[in-house]
There are 6 protein chains.
Amino acid sequence: MHSIKDLIQIALKEDIGPGDITTDNIIDSEIMGKGIIVAKEPLVIAGLEISGDVFTCIDPDVVCRFLFKDGDSVAKDNVVMVIEGRLRTLLKGERTALNFIQRLSGIATNVRSYVENLDDRKIRLVDTRKTIPGWRMLEKYAVRVGGAYNHRMGLYDGVLIKDNHIVACGGITKAVENLRDKVSHLVKIEVEVSDLPSVKEALEAKADVIMLDNMDMDRIKEAVSLIGGKALIEVSGGITRDSLKLLSGSGVDIVSVGALTHSARSMDLSMRII
Amino acid sequence: MHSIKDLIQIALKEDIGPGDITTDNIIDSEIMGKGIIVAKEPLVIAGLEISGDVFTCIDPDVVCRFLFKDGDSVAKDNVVMVIEGRLRTLLKGERTALNFIQRLSGIATNVRSYVENLDDRKIRLVDTRKTIPGWRMLEKYAVRVGGAYNHRMGLYDGVLIKDNHIVACGGITKAVENLRDKVSHLVKIEVEVSDLPSVKEALEAKADVIMLDNMDMDRIKEAVSLIGGKALIEVSGGITRDSLKLLSGSGVDIVSVGALTHSARSMDLSMRII
Amino acid sequence: MHSIKDLIQIALKEDIGPGDITTDNIIDSEIMGKGIIVAKEPLVIAGLEISGDVFTCIDPDVVCRFLFKDGDSVAKDNVVMVIEGRLRTLLKGERTALNFIQRLSGIATNVRSYVENLDDRKIRLVDTRKTIPGWRMLEKYAVRVGGAYNHRMGLYDGVLIKDNHIVACGGITKAVENLRDKVSHLVKIEVEVSDLPSVKEALEAKADVIMLDNMDMDRIKEAVSLIGGKALIEVSGGITRDSLKLLSGSGVDIVSVGALTHSARSMDLSMRII
Amino acid sequence: MHSIKDLIQIALKEDIGPGDITTDNIIDSEIMGKGIIVAKEPLVIAGLEISGDVFTCIDPDVVCRFLFKDGDSVAKDNVVMVIEGRLRTLLKGERTALNFIQRLSGIATNVRSYVENLDDRKIRLVDTRKTIPGWRMLEKYAVRVGGAYNHRMGLYDGVLIKDNHIVACGGITKAVENLRDKVSHLVKIEVEVSDLPSVKEALEAKADVIMLDNMDMDRIKEAVSLIGGKALIEVSGGITRDSLKLLSGSGVDIVSVGALTHSARSMDLSMRII
Amino acid sequence: MHSIKDLIQIALKEDIGPGDITTDNIIDSEIMGKGIIVAKEPLVIAGLEISGDVFTCIDPDVVCRFLFKDGDSVAKDNVVMVIEGRLRTLLKGERTALNFIQRLSGIATNVRSYVENLDDRKIRLVDTRKTIPGWRMLEKYAVRVGGAYNHRMGLYDGVLIKDNHIVACGGITKAVENLRDKVSHLVKIEVEVSDLPSVKEALEAKADVIMLDNMDMDRIKEAVSLIGGKALIEVSGGITRDSLKLLSGSGVDIVSVGALTHSARSMDLSMRII
Amino acid sequence: MHSIKDLIQIALKEDIGPGDITTDNIIDSEIMGKGIIVAKEPLVIAGLEISGDVFTCIDPDVVCRFLFKDGDSVAKDNVVMVIEGRLRTLLKGERTALNFIQRLSGIATNVRSYVENLDDRKIRLVDTRKTIPGWRMLEKYAVRVGGAYNHRMGLYDGVLIKDNHIVACGGITKAVENLRDKVSHLVKIEVEVSDLPSVKEALEAKADVIMLDNMDMDRIKEAVSLIGGKALIEVSGGITRDSLKLLSGSGVDIVSVGALTHSARSMDLSMRII
């Protein structure tokens, strides 16, 4: 699995390639500079240290100072970060650093707007695996920065039995039992269901978590009462900022929303040499 | 520079990690399956072959059939692709394959909506370097699929002299002359300017392309007439779908729009085992 | 995280390096050969396919046939596998292939001897993270082949709160609560304790699993009765083949034994060209 | 060929993966700590610097102090090393660092017990290529630490003509001659033989080293007298700590023992935060 | 694309491999040393910092002092660089460092001899893609150090339409038009032609650069007059130091010479420990 | 250590980078083509399969046919190889394939000219470590193709004690003894000497090979007689094609010549689409 440092390297290589032919040919390597990164719209900032790392990855002598910390709400025109070092480094790293912070702040800002609509503090809002390939760790980080929680990181750190698994395996009971015997005792087993008989079967199979997929509010209520606290309940599918509110007091434990990541747009930030 | 194949590998490792503990423990490795990928909303499709490669990267025996080709408009509920192979492979690759095609189709669909607003066919709509780190090649590909053009790929394959370069170098003339002497004779030199005196200086320095940054329509017109065909003219900064229309017949050659990539949301596609 | 294929490549490069100067200089590249791998002592076989992959990794044209499957008990002098292909490939891959199968069979054989001493089928015998660096996945695989279970794969797929965590965090309760709020709802929380008051505290903090570390049988019994089924119980520390037997009927759920991996010796297998 | 630093990276990635979800979520990144590594049984220590490198590889600010040096005999309960740095780093690196030092000390301790049984100081005790894949350099290092010598590192830095080579090549004479003409003049040629006529043939072909494979003591003596100092003599196959003694004064130059590496068990060391 | 740092690593691994068995076994790791690199013949020096990096790549504590800078003419027996650090590092890096500086100085010296024969300062002498695989960036750097210019870096940063492209595409006009529509507006289009009708066609297709391939002086003159400043003119094919002189005043803009790189021999430099 | 396949990948990435913007935009991916590689001057061919691998590395469907084999003398205008496959692949791989075969044939041709001047068949002409960084294995291969032998591959597979080692170690005797005790019994020890007393000392220390560095013919003769067959004798330093002849019958065993590799120029070969 690649680290964030690896992704920064990949990003710099893809942008700079064999060389920044403008900057390298025109800016003397000894000229020093100072840059500031400015929010061009109100946002929840995320990715400050990561964009700082973009510059230090080009040249370890660059020094970055952060005026906010990830998760802070930042007003338009606020300076979020100051970068000092060789002017060449600042100009070469600018676009890549901004591309990181713009995307991550975009997610954090988006997530925050969902969190603010969630009145019932007992419900845990979580993300999904609908993330940009290569960005899983980063996007899940931005989700936490925005105030929500993470579902499993990938296919390796949590069991989620879906429709296709159930069919291929011959029923929920068999699927849960088989898995219980195979996975570590530290891993919970979640089962995705879309009707009440399946809820019942999952419950009897002792699923640790039951995911109610695309159920309407009435059926969710029935399921909650049926489960009666014997398993955690996750609601999934088509949740909007508005429908989030409706879940207050429903007894649901977890709500997962793909749009936290897949529908976030980048925030506008820019760098100025001063 | 990483290839698209490298990115697919990265994506699979980040999702599957040490193993898909649900699928590997519950689905026999010999069970075969057939999946379809379906558009859940109208979209311009992009990334068909790439998502096919996700599956063949896990298991070369998987066979993918495409019912559309990249760039086609696809209606809601249309099947875009059929995948046949081991059920394990289908389930393990599903999310990653969808994450690729959802993002790429998101960009292509977004770009198409801009292109449709561009009446003047002599104007070239181009993207910027505001792309997701690691995704430069892919996002630029999706831009072409959507019907627009690419600006330079990175800092290595085109010269763009910006404000900070000009200041550090002591003026446009000096910057252009220095660069002309250093870069290959196959590379054009573009200068970013924000007022008319700079347009004049760039013109006299024989810039090949002049970028009018954040100018209003009146100043754009003055600049066009000043340049008089002696350099290509690029307009940049805050262009919307609507303001695109206003550029018709203006004599501008190129319009660059960061939102083509940075503000695209993912399209909704899903996979079903049949 | 590296794959098993990566480890095979690493192993071949480390043994062959710039070239097998004996074989490459003396054996014509077109000569074909047939080799058999033979058990030189009774063993539980593990790693058949992996050692086959060593040869196909050098030359995809090699064909391996397996006469047993991983987990089978094999008597002395039994042929476990036949390899056909270029003689050069057989000679170059021999040592590396044997090094894999000898170590893995060593672990499987060792594990089997523990499993056979475990009368109480409700107790799950599990491994630890005491594995050869680079071999975690492989050794955990051999443990399963031998008939035992895996504890968590690494630090990323299960929570285990140890002494040092508890001290630094200010007590079990605080540690468990903090973690519950941070990790995915699919991850169970295990707490390591070494006395009964801590058992009580872990229970009240709603730990999912309680690990009794280095406790004697009397205290284990007290702990089991205290916990009363409200958490899974793992016993750890200094378990031998003999003390395993004593745990029968104790009500303990899991026993973890580092010696499954760290004290296994390689089994003796050799290759003969026939 | 991978370096030891590469192996440390591989090991850390395999254990920590996307993150230590216990430590990272519960231990503040600024808390400092001090750890000691203690021998839990008498041993010959090996791998001190390497386990130190595990910690500095996570965080270069960690400082390690060594109270012994590789090769020293260490009594039970002695502290071998002190590590100071962020507590997070100490906890994340603990298991991996111990896994290195436990295995390497296991080999060194095992080797030392053979060396102590070798009365004849003119005989060189050497290892074989029976090492854990990925660990060749490290295990050969631990062999030297234990007091024995290394045979060739791999297939690239020494010629050893075995049975299969001889058969495929048409006899010892032809094999040696062919090789002499192909390999660098700095490489010696060793021939493995199992009977006296082959000894004679190897001698006539001017082999630099003759390996007597699985011969009994009487035949070894005959071979030694036959060779009469005209080639180095290596004895190989089934040597135990006891049979080593019998070789004293036999005139043999080298004894190779696979068990030095393949039958070593890990030594018991643990880390304590103080 | 690999960086120069990557190439240094590759070079050190290929030379040192698993270890410098002479130096590591005989020179104590604490002995310090001082080495000088001396020109054994007159040369234009290139690669000073790169060879310094070879040593610091082995051990960051090495300090290098340069007595010349790349591009200087150096007389026989002059010291070009002083290296201080562990003697082990000096001895291990010696050959690799010399191999870099000898090749790069070889190219720079060769290029300089061509540049000195180029009287017409308006003509730009450029290299080709005839470089040692893996060395493109370095050899192009040495060309600039020698006083000439670079043609495109590779196939990605400039368009050069050759014979085979023209044939496959159906004529120069179509090829140029197709390409103009596909590549970024920052990339110039060059067409290779070998007769005058093709020159005319390229001109009409608005090629930015026309390459006259293997034309004699008379035809070159005709082509120059035909083109009349409407495109840049490159001359290519079989140019020698002598024929370079003849191009003076011809109106040609660029001359490309493969021999700048592919026929350079290494300069003689050696290292002495003092 | 990188493989030749790795170097081909590196070379292709450095030339093609993010894409061949001429070919990819203008040649349809389905057009098939046939190319021939032609010798433009008489040469000893080397690198046929390697340049074939360049094409198959881009596209495994390409088929290469070789009309000569490495080591053959090829006359001007002879076709050495035919390549069939997608035209795109042919055009993209052309330059890289030629760069490999031109350099390797350059070395083989150069070596052959030395070998032809070596009348005394008992003398072994060998190369040195003066090779292009990254090309060690390839250049040593071309040396063998040309008819000479290889010295050690690198610092890891042979001991060569030089001046600096001797000084730092306190004399030849000590250096040889120390090394004998440290290196594998399969490695010979060579000592570089430049005067007769050192020859004597090396002989007494039982060096396996003695390298006479930069000695004139008279002193070489004295050394040969002094050594009297008790060690192999290598002559090194400033050997030319002419001085090679003078060594006939001198009793010297090995002559090493750096110019075999470092002074070879590329041969002229070109590719034509037919």
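Convention: sequence-line order gives letters A, B, ...; per-chain numbering from 1.
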Is it the side chain or the backbone of [X] that comes within 4.5 Å of chain A heavy atoms, both, or neither?
X: L179(B); answer: side chain
X: H262(B); answer: both
X: V187(B); answer: side chain

Next item on the list: Identify which of A175(B), G258(B), G106(B), A264(B) forms the greatest number of heavy-atom pairs closer than 4.5 Å to chain A.
Entry: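 Among A175(B), G258(B), G106(B), A264(B), the one with the most close pairs to chain A is A175(B).
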Note to self: Taking every non-hydrogen pair under 4.5 Å, which of I161(B), I132(B), T261(B) racks up the most with chain A?
What the structure shows: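 Of the options given, most contacts go to I132(B).
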Please look at [X] and chain B and tell me whether the side chain, the backbone, both or neither of the residue comes under 4.5 angstrom of a heavy atom of that chain.
X: L87(A); result: side chain
X: R152(A); result: side chain
X: T131(A); result: both

Check: What residues of residues 25-48 of chain A sit under 4.5 Å from chain B when you count only heavy atoms?
Finding: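 Within residues 25-48 of chain A, the residues under 4.5 Å from chain B are N25(A), I26(A), I27(A), I31(A).
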Mind checking the [atom1]-[atom2] spacing from [X] to [Y]? Nearest 0.5 Å is all I need.
X: M137(A); Y: E14(B); atom1: CE; atom2: CD; result: 6.5 Å
X: L91(B); Y: L155(A); atom1: CG; atom2: CG; result: 9.5 Å
X: D6(A); Y: I10(B); atom1: CG; atom2: CD1; result: 8.0 Å
X: I21(A); Y: D157(B); atom1: CD1; atom2: CG; result: 7.0 Å
X: D163(A); Y: I273(B); atom1: CG; atom2: CD1; result: 10.0 Å

Notebook entry, point to check: Taking only residues two or more places apart in sequence, or in another chain, which ones meet Q102(B) in a side chain to side chain contact (heavy atoms under 4.5 Å, CB included)?
Noted result: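 Expected list: R95(B), L98(B), N99(B), S266(B), D268(B), L269(B).
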Next item on the list: Might you confirm whether atom NZ of K162(B) has over 12 heavy atoms from other residues, nucleotides or ligands at distances under 6.0 Å?
Entry: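 Counting neighbours around NZ of K162(B), 12 or fewer heavy atoms of other residues, nucleotides or ligands fall under 6.0 Å, so no.
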Item checked: ring pair (Phe, Tyr, Trp, His ring centres under 6.0 Å) partners of F100(B), counting only residues at least two apart ->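 By the ring pair (Phe, Tyr, Trp, His ring centres under 6.0 Å) rule, F100(B) matches W135(B).
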Next item on the list: Pick whichever of G134(A), S184(A), A168(A) has the most heavy-atom pairs under 4.5 Å with chain B.
Entry: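 Going by pairs under 4.5 Å, I would pick G134(A).
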Checklist line | Among K174(A), Q9(A), K182(A), residue most engaged with chain B (heavy-atom pairs, under 4.5 Å) | finding: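 Maximum pair count with chain B is reached by K182(A).
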Check: What pair of heavy atoms forms the shortest contact from A11(A) to P133(B), and how long is it?
Finding: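 Looking at all heavy atoms of both residues, the shortest contact is CB-CB, 3.5 Å.
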Checklist line | Donor-acceptor pair between H165(B) and T22(A) side chains, under 3.5 angstrom | finding: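 The answer is no; no qualifying pair exists.
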Next item on the list: Write out all pairs satisfying salt bridge (charged side-chain N to carboxylate O under 4.0 Å, His left out) with one or both partners inside residues 126-138 of chain A, taking only residues at least two apart or from two chains.
Entry: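 Salt bridge (charged side-chain N to carboxylate O under 4.0 Å, His left out) check on residues 126-138 of chain A returns D127(A)-K140(A), R129(A)-D15(B), R136(A)-D15(B).
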